[in-house]
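Chain identifiers are assigned alphabetically (A, B, ...) following the order of the sequence lines, protein sequences preceding nucleic acid strands; residue numbering begins at 1 within each chain.
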2 protein chains.
Amino acid sequence: MRPILMRMVSKLTTDTGAEQRIRQLLEGAGVRCTRQRLLLASIVLHRKQHLSAEQVLAFANRARQVVSKATVYNTLGLFARMGLVREVIVDPQRTFYDSNVTEHHHIYNEDDGTLTDVGQDEFRIEGLPTLPPGTEVHGVDVIVRVRTRPA
Amino acid sequence: MRPILMRMVSKLTTDTGAEQRIRQLLEGAGVRCTRQRLLLASIVLHRKQHLSAEQVLAFANRARQVVSKATVYNTLGLFARMGLVREVIVDPQRTFYDSNVTEHHHIYNEDDGTLTDVGQDEFRIEGLPTLPPGTEVHGVDVIVRVRTRPA
DNA sequence: ATTGGTGCAAAGGATTTGCAGTCTA
DNA sequence: TAGACTGCAAATCCTTTGCACCAAT
């Protein structure tokens, strides 16, 4: 999580009003507030979870709010670039958006498509490999792929 | 790598003739030999490398061989299920096929789309997380995401 | 000849782009 | 009002499916 957001979140926990909190989160991340963005942020950032774009759209529709598919994609992509959510790439068919932006890893159930968090303390990576010349680490993803055990 | 293939590969190193070697690899994996499969196998298994489906198709075309895009996808998927190659999922836009099926991890350059292998000895994972009930580990992917360092 | 498998054209589906509309300063 | 930004329809592009064909028994 970017330090500025980290501070933001803790500061905001004392505020009242969910929408006001969301507004400040977006503004703090340099994202202009619009009706659609507020809606999508309230869906995604509401709690720690992993949602696909499709799922986010479904939630929006369920709330009888009008948002186009493209806006969902564009907005989630924006949130990701701004550090409000983290993209999790485990399946070529769909990108997941993780509202937990602290460092952690994932367990992916290939049978039912479920993502589960793994705390950093549950396991660690020892050492970093030699990087290609002229590059710097942007992130490390660890994905434990599991399958439902046969009966 | 599945043991049966491991044995196969070492046995085959004494054979002469690239095509014959490929034929035996495919048959050993339970894959029937066809013109297209032999071509695609010769492209992909020729040496340790990471290729996207698009790249494999480009190589096939360069060799003036006729293969459809769908056949490339279907065949690479088949090879993956049979353990001849390993799918590497690092970018929602394209799946990479890795001819190195021994346990190892990857460095992915998000700027130029380059994949690099990391030997298991270069770094290790300590401990395994608690798995969701009723599941078993199918594999562990580690991806070090790097970017070209700004000038 | 039958049957299971194979290969490709067309379909499917997630994601991105181009432009008209909207909001801010 | 100027200026930039936003949001959506349509386009794009990777991947899968459905069906005609082929190979082995």
Item to check | Under-4.0 Å side-chain N/O to phosphate OP1/OP2 contact, A:Lys69 with D:dC8 | outcome: no
Next on the checklist: Strictly below 4.0 Å: does A:Ser68 bring a side-chain N or O up to OP1 or OP2 of D:dG7?
Outcome noted: no
Next on the checklist: Quick check: on DNA chain C, is the nucleotide nearest B:Pro92 upstream (toward 5') of the one nearest B:Arg35, or the reverse? Name the residue that is more 5'.
Outcome noted: B:Arg35
Item to check | Residue met sooner reading DNA chain C from 5', once B:Leu78 and B:Gln93 are mapped to nucleotides | outcome: B:Leu78
Next on the checklist: At 4.0 Å (heavy atoms only), tell me whether B:Thr34 reaches a base, stays on the sugar-phosphate, or touches nothing.
Outcome noted: sugar-phosphate
Next on the checklist: Over all strands shown, is A:Thr75 touching base, sugar-phosphate only, or nothing at heavy-atom distances under 4.0 angstrom?
Outcome noted: nothing
Rounded distance (Å) that lies between atom [atom2] of [N] and atom [atom1] of [X]:
X	N	atom1	atom2	answer
A:Leu51	C:dA14	CG	C1'	17 Å
B:Asp91	D:dC13	CG	P	15 Å
B:Arg37	C:dC8	CZ	P	11 Å
B:Arg94	C:dA14	CZ	C1'	17 Å
A:Asn74	C:dT22	CG	P	18 Å
B:Glu54	D:dT16	CD	P	15 Å
A:Leu39	D:dG7	CG	P	11 Å
B:Leu26	C:dG5	CG	C1'	15 Å

Of the options [options], whose atoms approach the side-chain atoms of [X] most closely?
X	options	value
A:Ala53	C:dT15, D:dT17, C:dT17	C:dT15
A:Gln36	C:dA9, D:dG7, C:dT15	D:dG7
B:Tyr73	D:dT15, C:dT15, D:dC8	D:dT15
B:Thr95	C:dC8, D:dG7, D:dT15	D:dT15
B:Arg32	D:dC14, C:dT6, D:dA9	C:dT6
B:Ala70	D:dC14, C:dA9, D:dC8	C:dA9

Checklist entry - With distance as the sole criterion, is a donor-acceptor pair present between the side chains of A:His50 and A:Asp117 under 3.5 Å? => result yes
Next on the checklist: Between B:Asp141 and B:His106, do the side chains contain a donor N or O and an acceptor N or O under 3.5 Å apart?
Outcome noted: no
Which atom of [X] lies closest to which atom of [Y], heavy atoms considered:
X	Y	result
A:Arg37	A:Phe79	O-CZ, 3.8 Å
B:Thr148	B:Asp111	N-OD2, 2.7 Å
B:Arg145	A:Ile89	NH2-CD1, 3.9 Å

